[in-house]
Amino acid sequence: VGMVRIRLDRNLSRRVAEEFGPELTRAEGRRVLGRAKALAASAAIGRNPGHSVADRIEFGIKYHGIDTTVGMTVIGRDGSDVTLAHEFGAWNKQAGKFVEGHHVMQKAARGG
């Protein structure tokens, strides 16, 4: 699973973090989730339209106290989890070359 964890700055006072943490990280988590969905949709169209994984990308959001985690899972045509290859790239046996990753979660976390 490709994941991004939205955390509060731990230098904030504990009381401020406990008071506003969940609200802040949930709001940012929702923004990251929206950006990730948009980036994944455009990446699925752009690289190989004949073998798109757009219909096999799932997203989720989980809350952990004051932190929030946004996750992405990509299922390949054969039913295997290809999230890491989709995110970071992998060797493509058929093409005989390394295929670059889309870096969807990294870009989404950075606002991109």
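Values below: all heavy atoms of this structure, side chains included; hydrogens, waters and symmetry mates excluded. Predicted, not measured: the structure shown is a model, and the values here were computed from it.
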Q: Looking only at non-hydrogen atoms, find the nearest pair between Ala109 and Arg35 and report the distance.
A: O-NH2, 4.2 Å
Q: Where do Ile75 and Asp81 come nearest, in terms of heavy atoms and distance?
A: CD1-CA, 4.3 Å
Q: Tell me every residue that passes side chain to side chain contact (heavy atoms under 4.5 Å, CB included) with Phe88, counting only those two or more places apart in sequence or in another chain.
A: Leu84, His103, Gln106
Q: Could you list the residues that satisfy side-chain hydrogen bond (donor to acceptor under 3.5 Å, both in side chains) with Arg110, not counting sequence neighbours?
A: none
Q: With Ile57, which residues qualify under side chain to side chain contact (heavy atoms under 4.5 Å, CB included), at least two apart?
A: Ala40, Val53, Phe59, Met72, Val74, His86
Q: Can any side-chain N or O of Glu87 pair as donor or acceptor with the backbone N or O of Val104 at less than 3.5 Å?
A: yes
Q: Who are the side chain to side chain contact (heavy atoms under 4.5 Å, CB included) partners of Ala27, not counting sequence neighbours?
A: Arg30, Arg31
Q: Do you know which two heavy atoms are closest between Ala90 and Ala85, and how far apart they sit?
A: CB-CB, 3.6 Å
Q: For a quick test of reading the model, state the closest non-hydrogen atom pair linking Ala43 to His102 and the distance between them.
A: CB-ND1, 3.2 Å
Q: Hey, could you give me the CD/CZ distance between Glu58 and Arg56, rounded to the nearest 0.5 Å?
A: 11.0 Å
Q: Share the residues that join Phe98 in a hydrophobic cluster, the rule being Ile, Leu, Val, Met, Phe, Trp or Tyr side chains under 4.5 Å apart at the heavy-atom level.
A: Trp91
